[in-house]
Amino acid sequence: MSEQTASAQALSFVERWRQRDPALRLAEAYARGPGWIIGMGLYFELAECLFRLHEPSVREAKLGWWTEEVGCYAQAQARHPLSVALHARTIPTQALRSMVFGAAALLDAPAAESRDHLNQQREAMLLALGELLLELEGVKLGEPTGADWMAALRLLDDCFRVYSLGQQKTQPLPVLSLSEHAEIGL
């Protein structure tokens with residue numbers, strides 16, 4: 001499948017997210033192009049397992065499917081529109097693997113006790129997201145560092161978490177400072 005066709009199918013998949021989820025529109029403020037939207041679509045797929053699916057067995061099954069998808073991706077047999085688009089753009093398997101396993105680690109993490117604890121818990125997944133976004137932009141860096149970079153990824157994650165958890169009304173909101181609450185419009 002050509003990169004253009006795969007990207008079009010992935011963007012069509014992301015459009016369904018847009019229709020049902022205002023959090024994606026908010027997060028797209030950080031997008032730098034279609035590649036970033038595909039990367040953030042993957043983030044939303046994985047974050048849904050963490051923050052929106054109420055039944056533990058469903059969350060585990062969906063993340064288990066994504067774990068299998070990493071293996072399929074490595075064998076050039078990707079099945080999901082987002083991973084097919086990533087493969088067509090020759091994104092390394094490690095980028096997808098890091099995102100999926102970062103989400104799986106968060107699934108078992110206890111509730112954060114402080115902002116620092118929350119940042120430590122989600123750092124692996126956000127670094128993986130940053131790596132993926134840079135790969136999609138064609139930047140081959142070993143590690144996306146910098147306070148501004150991580151701050152933007154944390155804000156993206158905060159927006160999604162706060163919106164998602166606010167919809168559930170069954171889980172506590174993430175630990176945020178007053179300035180962070182103001183920044184994301186709470």
Side-chain angles (χ1 to χ4, degrees), residues 1-18 21 23-52 62-107 109 119-161 164:
M1 179 178 301
S2 75
E3 180 181 329
Q4 187 175 19
T5 302
S7 292
Q9 289 178 351
L11 293 174
S12 175
F13 177 82
V14 171
E15 184 58 34
R16 287 183 278 185
W17 270 105
R18 282 187 190 110
D21 198 336
L24 178 57
R25 287 195 184 101
L26 184 61
E28 281 185 302
Y30 300 96
R32 293 186 181 176
W36 274 44
I37 293 170
I38 292 167
M40 288 192 307
L42 177 61
Y43 162 83
F44 272 80
E45 275 289 298
L46 297 171
E48 179 180 54
C49 298
L50 300 173
F51 310 121
R52 294 198 174 159
K62 186 168 182 176
L63 272 175
W65 186 91
W66 275 104
T67 301
E68 290 175 16
E69 181 68 354
V70 169
C72 292
Y73 186 93
Q75 297 171 3
Q77 298 174 353
R79 303 168 290 179
H80 194 279
L82 295 171
S83 51
V84 169
L86 294 173
H87 196 272
R89 290 170 177 253
T90 65
I91 302 300
T93 303
Q94 183 58 36
L96 181 63
R97 179 180 292 125
S98 295
M99 284 286 297
V100 171
F101 288 109
L106 282 173
L107 185 65
N119 288 340
Q120 288 171 354
Q121 283 181 335
R122 66 185 178 169
E123 185 170 348
M125 185 174 177
L126 293 181
L127 283 174
L129 174 60
E131 282 281 327
L132 178 64
L133 296 177
L134 289 173
E135 288 279 349
L136 286 164
E137 238 182 53
V139 177
K140 306 287 186 203
L141 296 178
E143 187 175 314
T145 57
D148 291 344
W149 179 253
M150 279 307 292
L153 292 174
R154 285 185 190 120
L155 185 58
L156 166 80
D157 190 54
D158 287 341
C159 291
F160 185 81
R161 284 174 185 246
S164 297

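For the numbers below, each heavy atom of this structure counts, side chains included, while hydrogens, waters and symmetry mates do not. In this text, all values refer to a predicted model and were calculated from it rather than measured experimentally.
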Quick one: closest heavy-atom pair of [X] and [Y], and the distance?
X      : Y     : value
Met125 : Leu46 : CE-CB, 3.8 Å
Ala88  : Ser2  : CB-O, 4.3 Å
Thr93  : Ala74 : OG1-CA, 3.6 Å

task = With sequence neighbours excluded, tell me which residues meet side-chain contact (heavy atoms from CB on, under 4.5 Å) with Ala78.
result =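 Glu69, Tyr73, Ser83, Val84.
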Looking at side-chain heavy atoms only, is the closest gap between [X] and [Y] below 4.5 Å?
X      : Y      : result
Arg89  : Ser7   : yes
Leu133 : Leu129 : yes
Arg79  : Glu68  : yes
Glu131 : Met99  : no
Trp66  : Leu42  : yes

message = Please enumerate all residues that pass side-chain hydrogen bond (donor to acceptor under 3.5 Å, both in side chains) together with Gln120, with sequence neighbours excluded.
response =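 Partners of Gln120 by the side-chain hydrogen bond (donor to acceptor under 3.5 Å, both in side chains) criterion come out as none, since no residue qualifies.
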inquiry  = Using the side-chain hydrogen bond (donor to acceptor under 3.5 Å, both in side chains) criterion, which residues pair with Glu3? Sequence neighbours excluded.
reply    =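 Scan of Glu3 (side-chain hydrogen bond (donor to acceptor under 3.5 Å, both in side chains), adjacent residues dropped) gives none.
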message = Name the residue from Leu86, Leu96, Ile38 that meets the side chain to side chain contact (heavy atoms under 4.5 Å, CB included) definition with Leu132.
response =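 Option passing the side chain to side chain contact (heavy atoms under 4.5 Å, CB included) with Leu132: Leu86.
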Measuring from atom [atom1] of [X] to atom [atom2] of [Y], what distance do you get when rounded to the nearest 0.5 angstrom?
X      : Y      : atom1 : atom2 : result
Leu50  : Tyr43  : CG    : OH    : 8.0 Å
Leu106 : Arg122 : CG    : CZ    : 9.5 Å
Leu63  : Glu45  : CG    : CD    : 10.0 Å

request  = State, without any angle test, whether Gln9 and Thr5 hold a side-chain donor-acceptor pair at a distance under 3.5 Å.
outcome  =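 Their side chains do not contain a donor-acceptor pair, so the 3.5 Å distance test is not met.
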task = State whether the side chain of Ser12 and the backbone N or O of Ala8 hold a donor-acceptor pair below 3.5 Å, judged by distance alone.
result =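 Answer holds: no.
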